[in-house]
Amino acid sequence: MEPLTIPVINPITNQQLYTITDQTDEAINAVYAKAHAAEKVIQKLSIEERIAHVVNLKEWILDHSDYIIDKLIEETGKSRFDAFTSEIFSVCDVVDYYKGHSKKILKEVKAHTPIMMLGKKSRIVYEPLGTILVITPWNYPFVQGFVPSILAFIAGNATIIKPSEITPLKGLWEKMLEDTKFPKDAFQFVYGGRETGAKLINKRPDKIHFTGSVRAGKIIMGEAAKQLIPVDLELGGKDPAIVFDDVNISRTVNGVMWGAFTTAGQSCTSIERLYVQDTIYDEFVKELVDKTKKLRTSNENRDTSQPDECDVGCITSPAQIKVIEEHIDDAIAKGAKVL
């Protein structure tokens with residue numbers, strides 16, 4: 001059976017950018033063999049050396065930020081401001097934090113020795129797990145691919161990254177690793193759909209980090225449990241904002257708009273429900289509606305190089321458009337009023 005070929009679409013223009021293909025069993029085996037070999041090389045590096053490699057990635061990102069933002073917009077449809085703040089800025093902020101804290105976090109520390117082990121000494125020692133599988137989402141493909149991978153690397157692990165087939169950013173990752181001369185096979189990007197993801201899990205990585213939907217998270221946790229693979233799951237949310245009558249209304253409206261509309265609301269922490277104290281309800285809602293109407297939304301003719309042309313990007317996945325429309329129709333049918 002031929003591997004599935006998957007088109008990658010620009011959601012702004014609906015034009016095909018390129019295709020990716022599901023991986024064969026032989027290709028997956030080769031990826032894991034390279035990762036296991038890379039583990040030994042990474043673990044011989046000092047923490048200072050690992051941090052230096054990561055800082056080098058950050059410097060490359062800053063030097064190529066426009067290129068990265070263009071690639072993100074092309075595949076996600078984000079506004080230019082969203083691509084910068086939620087992806088580029090977030091990545092650099094994380095690198096800066098762990099540059100200053102990694103040595104302390106990973107340092108061996110003395111621990112209390114229980115009385116039954118009198119005469120012994122206890123220490124907490126942090127050791128690499130081996131090979132980490134990172135499965136990334138389509139809504140934040142750069143930051144969610146980069147951050148867990150660099151943390152795994154700093155801790156001494158090799159990482160296999162399986163990007164979302166909707167926004168794989170193919171070509172960007174390879175250019176970054178090649179330009180920075182990052183340790184060979186410390187990061188490997190494996191492209192494909194669900195079948196490729198399942199094959200990667202079946203080869204038993206030493207840990208799985210998954211960001212995505214609750215439905216997919218349950219499936220991954222179930223498969224991981226069969227092999228006792230530890231997992232991190234960062235899943236979807238249903239997040240409320242609560243506003244009391246002692247707030248600065250204009251400032252709070254701005255905050256609510258940011259929380260609801262950044263990345264076109266396609267975020268696990270997006271505000272999806274808003275509760276406003278009744279004494280300021282009418283004033284608050286009026287200002288929220290007035291300001292929302294002024295937001296510039298994405299269109300197929302927008303100049304993506306100009307931040308001022310678009311405040312709210314487009315929906316990245318065609319499947320999500322149907323979901324959103326169903327939510328709106330359902331709400332209206334149950335008495336909701338569209339403001």
Side-chain angles (χ1 to χ4, degrees), residues 4 6 8 11 20 22-23 28 31-32 35 72 75-76 78 86-87 90-91 94 129-153 155 157-169 173 187-240 259-260 262-273 315-324 326-327:
L4 179 66
I6 304 165
V8 178
I20 58 174
D22 266 324
Q23 303 297 307
I28 298 294
V31 165
Y32 270 93
L72 282 165
E75 295 194 18
T76 67
K78 291 178 190 255
S86 65
E87 306 254 23
S90 295
V91 161
V94 168
L129 290 171
T131 292
I132 312 301
L133 173 61
V134 174
I135 303 175
T136 71
W138 50 261
N139 56 343
Y140 292 101
F142 189 67
V143 66
Q144 295 289 6
F146 186 90
V147 169
S149 302
I150 64 163
L151 299 187
F153 175 77
N157 302 284
T159 308
I160 298 169
I161 304 99
K162 192 275 177 192
S164 166
E165 62 272 26
I166 297 174
T167 55
L169 301 180
W173 302 115
F187 292 170
Q188 294 182 82
F189 290 86
V190 180
Y191 302 100
R194 293 177 183 175
E195 185 175 332
T196 294
K199 289 179 179 179
L200 288 166
I201 293 172
N202 289 337
K203 285 298 176 182
R204 204 197 180 288
D206 296 294
K207 187 172 186 177
I208 300 170
H209 178 95
F210 170 77
T211 306
S213 70
V214 172
R215 179 192 58 78
K218 289 178 178 179
I219 294 171
I220 288 171
M221 177 175 272
E223 292 302 310
K226 294 175 184 177
Q227 303 184 67
L228 296 179
I229 304 170
V231 295
D232 291 333
L233 300 176
E234 183 186 350
L235 309 179
K238 190 70 178 173
D239 306 299
T262 185
T263 312
Q266 301 166 110
S267 173
C268 60
T269 55
S270 287
I271 294 173
E272 299 187 42
R273 293 171 290 153
I315 300 304
T316 302
S317 169
Q320 285 300 116
I321 296 175
K322 182 180 179 182
V323 171
I324 293 166
E326 288 174 351
H327 280 313

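Because the structure is predicted, anything quoted here is derived from the model rather than measured.
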Look only at the side chain of Asp206 and the backbone of Thr131, and say whether a donor-acceptor pair between them is shorter than 3.5 Å. yes
Tabulate below the donor-acceptor pairs under 3.5 Å that side-chain atoms of residues 132-141 make, not counting sequence neighbours, or state none.
residue, atom, partner, partner atom, Å
Thr136, OG1, Ser164, N, 3.3
Asn139, ND2, Gln266, O, 3.0
Tyr140, OH, Thr263, OG1, 3.1
Tyr140, OH, Ser267, OG, 3.4

Can you name the nearest heavy-atom pair linking Pro163 to Trp173, along with the distance? CG-NE1, 4.4 Å
For a quick test of reading the model, state the closest non-hydrogen atom pair linking Gly236 to Cys268 and the distance between them. CA-CB, 4.1 Å
Provide the closest heavy-atom pair for Ser270 versus Gly265 in the form atom of the first, atom of the second, distance. OG-O, 3.0 Å
Can you list everything that forms a salt bridge (charged side-chain N to carboxylate O under 4.0 Å, His left out) with Asp232? Sequence neighbours excluded, please. Lys207
Under the 3.5 angstrom rule, does the side chain of Thr196 hit a backbone N or O of Gln23 as a donor-acceptor pair? yes
Residues Pro205 and Leu200: closest non-hydrogen pair is CD-O, 3.5 Å
Partner set under side-chain hydrogen bond (donor to acceptor under 3.5 Å, both in side chains) for Tyr191, not counting sequence neighbours: Glu174
Does Glu272 have any salt bridge (charged side-chain N to carboxylate O under 4.0 Å, His left out) partners at least two apart in sequence or in another chain, and if so, which? Lys238
Strictly distance-based, threshold 3.5 Å: is any side-chain N or O of Glu87 a donor or acceptor partner for the main-chain N or O of Val143? yes
Sequence neighbours left out, what passes salt bridge (charged side-chain N to carboxylate O under 4.0 Å, His left out) with Lys199? Give chain and number order. Asp25, Glu195
Please examine the side chains of Asp239 and Ile271, heavy atoms only from C-beta on, and report whether any two atoms are closer than 4.5 Å. no
Would you tabulate the side-chain donor-acceptor contacts of residues 209-225 under 3.5 Å, counting partners in other chains and residues two or more places apart, or write 'none'?
residue, atom, partner, partner atom, Å
Ser213, OG, Ala216, N, 3.1
Glu223, OE2, Lys226, NZ, 3.0

Below 4.0 angstrom, N of the basic side chain to O of the carboxylate: do Glu75 and Lys78 qualify? no
